[in-house]
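Have a look at the structure below, then the notes.
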Amino acid sequence: EAVRFFEEARAAHSPDALGDWFLAQAYYYHGEKERAEKMLGELQRGGEPDVRAQATLASFLAARGERMRAEKLLRTAMARPSFEHHAAYSAGATYAQLGQPAEAVRWLRRARDTGWRCYPWYANDPLLRPLEKTAEFQQFMQEFRRSWEAARARYGT
């Protein structure tokens, strides 16, 4: 459904980097990985490559084994001042795919602490599966779940 909704939104409004970033992710998780990667590679904001898109693309490239390209793209994105919580999450996913669990959890923690607090996303993202058996990730997720459940109880769903 996400693909359909984001495509409808795109058709109703002029395309923008944020909307297309969401659409590219929907394509990826729907199985249209090449289409997602192409879209992310072309996304721009203010005449520059979109940082969120670059970081997300790095995680997708790492997932399919393009380690060097993923690392280079992520380093470029991280050097930009607009590197924010969604990009930090993608850095964590990239490091998860690269087999660097401590670095992955460090960036996932930063993403959570700076605004990306969607526990179900972290718990269900297949890009984070390589971390599931690591002590660092298990501890992070236990802490995260407790704080997320407390916020849910306080503020509702």
Side-chain angles (χ1 to χ4, degrees), residues 2-3 6 16-152:
V3 168
F6 286 123
D16 69 350
L18 181 59
D20 283 354
W21 174 70
F22 282 119
L23 178 56
Q25 288 182 91
Y27 286 146
Y28 182 84
Y29 291 108
H30 186 254
E32 297 181 66
K33 295 178 179 183
E34 288 180 26
R35 187 176 189 181
E37 289 178 13
K38 183 178 185 327
M39 180 177 264
L40 290 171
E42 295 171 352
L43 281 182
Q44 301 230 332
R45 184 179 294 179
E48 303 253 338
D50 182 73
V51 172
R52 247 180 261 166
Q54 287 183 307
T56 303
L57 179 56
S59 69
F60 295 173
L61 294 172
R64 69 178 171 90
E66 285 201 44
R67 297 179 64 87
M68 290 175 55
R69 188 170 164 215
E71 289 171 333
K72 181 180 179 186
L73 189 58
L74 185 59
R75 276 193 308 275
T76 300
M78 292 168 116
R80 305 267 306 283
S82 56
F83 197 81
E84 43 77 75
H85 58 274
H86 289 288
Y89 177 90
S90 291
T94 302
Y95 286 118
Q97 290 298 313
L98 295 173
Q100 298 177 34
E103 195 66 8
V105 171
R106 183 171 80 85
W107 283 100
L108 294 172
R109 189 176 302 280
R110 179 174 170 182
R112 181 202 60 194
D113 293 348
T114 58
W116 183 227
R117 295 183 178 95
C118 185
Y119 171 83
W121 187 275
Y122 291 68
N124 294 297
D125 188 352
L127 291 174
L128 301 185
R129 284 206 184 108
L131 302 174
E132 287 177 345
K133 291 185 172 34
T134 68
E136 300 104 326
F137 186 69
Q138 289 174 4
Q139 180 182 353
F140 167 73
M141 291 301 286
Q142 287 171 359
E143 294 167 10
F144 195 177
R145 183 180 182 123
R146 281 194 298 273
S147 66
W148 181 75
E149 287 175 345
R152 236 176 73 171

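For reference, positions follow the sequence shown, starting with 1.
Looking only at distances, a side-chain donor or acceptor of R67 sits under 3.5 Å from a matching main-chain atom of L98. In this structure a side-chain-to-backbone donor-acceptor pair under 3.5 Å is present from Q138 to E132. Side chain of Q97 to backbone of L127: a donor-acceptor contact under 3.5 angstrom is found. Judged purely by atom type and a 3.5 angstrom limit, R117 has no side-chain atom pairing as donor or acceptor with the backbone of F144. For S59 (side chain) and T94 (main-chain N/O), no donor-acceptor pair under 3.5 Å exists by modelled atom type.
Contact check for M141 versus Y119: side-chain heavy atoms found under the 4.5 Å cut-off. Using a 4.5 Å heavy-atom threshold, the side chains of H85 and R112 count as separate. Side-chain contact check for K33 versus F60: every heavy-atom pair is 4.5 Å or farther apart. Proximity of E84 to V51: side-chain heavy atoms (C-beta onward) are nowhere separated by under 4.5 Å.
Y27 and R35 make their closest contact through OH-NH2, 3.0 Å (heavy atoms, listed as atom of the first residue, atom of the second, distance). Of all heavy-atom pairs spanning L23 and M39, the tightest one is CD2-CE, 3.7 Å. Contact record, A36 with A24: CB-O, 3.1 Å, taken as the closest heavy-atom pair. Heavy atoms only, all atoms of each residue included: R52 and W21 are closest at O-NE1, 3.5 Å. The two residues G92 and A104 have their closest heavy-atom pair at O-CB, 3.3 Å. The two residues A77 and F83 come nearest to each other via the heavy atoms O-CD1, 3.3 Å.
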So E37 and R64, side-chain contact (heavy atoms from CB on, under 4.5 Å) or not? Walk me through it. CA-CA 11 Å; E37 289 178 13; R64 69 178 171 90; 2.7 Å; yes
Could you go step by step and tell me if L74 and Y95 meet the side-chain contact (heavy atoms from CB on, under 4.5 Å) rule? CA-CA 10 Å; L74 185 59; Y95 286 118; 3.8 Å; yes
Start with the C-alpha gap between Y28 and E32, add the side-chain angles, then the distance that decides, and say whether side-chain contact (heavy atoms from CB on, under 4.5 Å) holds. CA-CA 5 Å; Y28 182 84; E32 297 181 66; over 6 Å; no
For D50 and L40, what are the C-alpha separation, side-chain angles and deciding distance, and is it a side-chain contact (heavy atoms from CB on, under 4.5 Å)? CA-CA 8 Å; D50 182 73; L40 290 171; over 6 Å; no
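The structure places CG of L43 at 10.0 Å from CD of Q54, a figure rounded to the nearest 0.5 Å. Note: L128 CG to F137 CZ = 5.0 Å, rounded to the nearest 0.5 Å. Separation of atoms CD (Q25) and CG (D125) is listed at 8.5 Å; rounding is to 0.5 Å. To the nearest 0.5 angstrom, E103 atom CD is 11.0 Å from E136 atom CD.
Between Y89 and W116, the two ring planes are perpendicular [angle over 60°; tilted spans 30° to 60°]. Ring geometry, F6 versus F22: the interplanar angle falls under 30°, so the pair is classed parallel (tilted spans 30 to 60°).
Side-chain contact check for S90 and T56: at least one donor-acceptor pair (N or O, by modelled atom type) lies under 3.5 Å.
When the options Q142, E143, E149 are evaluated for a side chain to side chain donor-acceptor pair (under 3.5 Å) with R145, the one that passes is E149.
Salt bridge E42/K38: present, at least one basic N to carboxylate O contact under 4.0 Å.
Y29 has its ring centre less than 6.0 Å from the ring centre of W121.
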